*Asks:* 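Once you've had a glance at the structure underneath, I'll fire off some questions.
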Amino acid sequence: GALSLPSIKFWKTKKKKTNDVSKTVSIANVRPSSDESTAMRKRQTKWRKKVFWLLLASHFHRQIEAGWRGAWALLSLSWLSVRISTGACVRAILNTFGWRRKRSQKEEDIGVVSNADAAAAAH
């Protein structure tokens, strides 16, 4: 199958409260799994994590060995991730307080409709 990256959680997410009815498991939804297949799945997950970190370290060392060009590439990647993270945090904060960005004149001229406007128009 395809190689998937291990999931890395940086923060704990709150679990949604569910009804007791949804916690019951229907026999139709359960797939049989032997102890052997469960052990194999655990070994595969462990191996994927090892390979992921090995490749990450290998690429990092290769960039460091490349000298100033590698350092510049790592700095550029770091700066890009800072810009994306900052933008996402600012957008999350603005959305939390219900602030929306103002539409540009061009968007108003062509009739761009936001999700909030579309929901309000539907009701």
Side-chain angles (χ1 to χ4, degrees):
L3 177 66
S4 62
L5 297 177
S7 62
I8 300 172
K9 294 184 180 178
F10 293 102
W11 59 86
K12 292 183 179 179
T13 56
K14 293 182 180 179
K15 292 185 178 181
K16 294 181 180 180
K17 294 181 182 178
T18 58
N19 298 334
D20 290 335
V21 176
S22 65
K23 290 182 182 179
T24 60
V25 178
S26 171
I27 293 177
N29 294 333
V30 176
R31 296 180 68 187
S33 178
S34 67
D35 293 337
E36 184 181 346
S37 67
T38 303
M40 187 185 333
R41 196 173 305 114
K42 285 182 181 179
R43 282 193 308 270
Q44 286 174 344
T45 302
K46 186 177 178 181
W47 183 250
R48 275 191 203 124
K49 287 179 182 180
K50 257 186 191 176
V51 170
F52 172 78
W53 288 110
L54 182 69
L55 284 173
L56 188 67
S58 168
H59 291 308
F60 179 76
H61 289 299
R62 193 177 308 157
Q63 291 301 322
I64 296 301
E65 289 173 358
W68 66 270
R69 292 180 68 187
W72 183 254
L74 288 174
L75 184 67
S76 297
L77 181 62
S78 300
W79 178 242
L80 176 65
S81 57
V82 166
R83 286 177 31 211
I84 291 171
S85 301
T86 304
C89 289
V90 167
R91 177 57 45 206
I93 290 168
L94 293 177
N95 285 343
T96 300
F97 294 112
W99 296 332
R100 297 188 331 199
R101 71 178 179 90
K102 293 182 181 178
R103 290 189 209 162
S104 67
Q105 186 63 40
K106 184 177 180 181
E107 287 176 331
E108 288 181 8
D109 289 344
I110 60 173
V112 173
V113 178
S114 69
N115 290 341
D117 292 341
H123 293 300

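All values below come from the heavy atoms of this structure, side chains included, with hydrogens, waters and symmetry mates left out. Computed from a prediction, not measured in an experiment: that's the story for all the values here.
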*Asks:* Say you draw a straight line from OG1 of Thr45 to NZ of Lys50; how long is it, rounded to the nearest 0.5 Å?
*Replies:* 13.0 Å
*Asks:* Tell me if the CG atom of Asp35 is crowded by more than 12 foreign heavy atoms within 6.0 Å.
*Replies:* no
*Asks:* Taking Ser58 for the side chain and Leu54 for the main chain, is one N or O donor matched with an acceptor at less than 3.5 Å?
*Replies:* no
*Asks:* Say you draw a straight line from CZ of Arg62 to NE2 of His59; how long is it, rounded to the nearest 0.5 Å?
*Replies:* 5.5 Å
*Asks:* Any heavy-atom pair between the side chains of Lys49 and Lys46 that's under 4.5 Å?
*Replies:* no
*Asks:* Cluster question for you: counting only ILVMFWY and a side-chain heavy-atom cut-off of under 4.5 Å, with indirect links fine, are Leu55 and Trp47 together?
*Replies:* yes
*Asks:* Would a 4.5 Å heavy-atom cut-off, applied to side chains only, mark Leu94 and Arg91 as touching?
*Replies:* yes
*Asks:* Scan side-chain atoms only and decide if Ser33 and Ser37 contain a donor-acceptor pair under the 3.5 Å cut-off.
*Replies:* yes
*Asks:* Working to the nearest 0.5 angstrom, can you tell me the gap between Leu80 CG and Ser85 OG?
*Replies:* 9.0 Å
*Asks:* Between Ser81 (side chain) and Ser78 (backbone), is there a donor-acceptor pair under 3.5 Å?
*Replies:* yes
